[in-house]
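The next block holds one structure in the form of structure tokens; read it before the comments.
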Amino acid sequence: MTLPDLTGWGVWAAIAAMAVATYLCRISGVVMMGFIPLTPHVRRGLAALPGSIVVATVLPLIERLGASAALALLAAVASMVLRRSELLALLVGMAVVSAARAFGL
């Protein structure tokens, strides 16, 4: 099996094109929101958006990964509520999922 040649300009062109695409996606949201009046209803919707994105990302993972992921999520959320530290919540979640898998969950 031969490895692809990554020394040509095509790789750099692809990286640059994706960087431009990422920038345009991000800036387009800012530009479009400049035309939308921020009524109380819109503000409530925008405030609820981060939570719904997290739920939409995490729930399919829990469904696929099972009880160990659910326990890790609960432990991480509890840690976050008690200590307000993202790093600690990450470490607690990783420790719980590791322990749960070690015990066969």
Side-chain angles (χ1 to χ4, degrees):
M1 181 173 180
T2 61
L3 295 174
D5 181 24
L6 299 179
T7 59
W9 285 102
V11 173
W12 295 109
I15 292 171
M18 292 310 298
V20 169
T22 300
Y23 176 76
L24 290 175
C25 285
R26 289 178 177 258
I27 198 69
S28 66
V30 173
V31 170
M32 285 190 289
M33 283 305 293
F35 295 107
I36 297 175
L38 290 178
T39 64
H41 183 70
V42 172
R43 286 184 191 271
R44 281 193 308 272
L46 290 174
L49 193 58
S52 63
I53 291 172
V54 169
V55 169
T57 304
V58 169
L59 284 182
L61 289 173
I62 290 175
E63 180 185 13
R64 190 181 71 204
L65 299 175
S68 60
L71 288 173
L73 176 66
L74 290 174
V77 167
S79 171
M80 193 65 195
V81 167
L82 294 174
R83 304 297 264 166
R84 300 272 185 216
S85 169
E86 289 98 3
L87 180 59
L88 181 62
L90 176 69
L91 293 174
V92 167
M94 288 181 1
V96 169
V97 79
S98 297
R101 288 183 177 174
F103 288 114
L105 285 178

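Cluster membership for V55 and L49, using ILVMFWY side-chain heavy atoms within less than 4.5 angstrom, is not shared. If you chain together hydrophobic residues whose side chains sit under 4.5 Å apart, V54 and V77 fall into the same group. Under a hydrophobic clustering in which Ile, Leu, Val, Met, Phe, Trp and Tyr are joined whenever their side-chain heavy atoms come within less than 4.5 Å, directly or via other members, V96 and L88 fall into the same cluster.
Going from atom CD1 of I36 over to atom CG of L46 covers 8.0 Å, rounded to the nearest 0.5 Å. If you take CG on L71 and CD1 on I62, they are separated by 9.5 Å, rounding to the nearest 0.5 Å.
Between M33 and L38 the shortest heavy-atom distance is CE-CD2, 3.8 Å. Scanning all heavy atoms of the two residues, the minimum distance from T57 to P60 falls at O-CD, 3.7 Å. Here the shortest heavy-atom pairing between A72 and G93 reads CB-O, 3.3 Å.
Side-chain contact between E63 and L59 is absent, with no heavy-atom pair separated by less than 4.5 Å. Proximity of M80 to V92: side-chain heavy atoms (C-beta onward) are nowhere separated by under 4.5 Å.
Between the side chain of S79 and the main chain of A75, no donor-acceptor pair closer than 3.5 Å is present.
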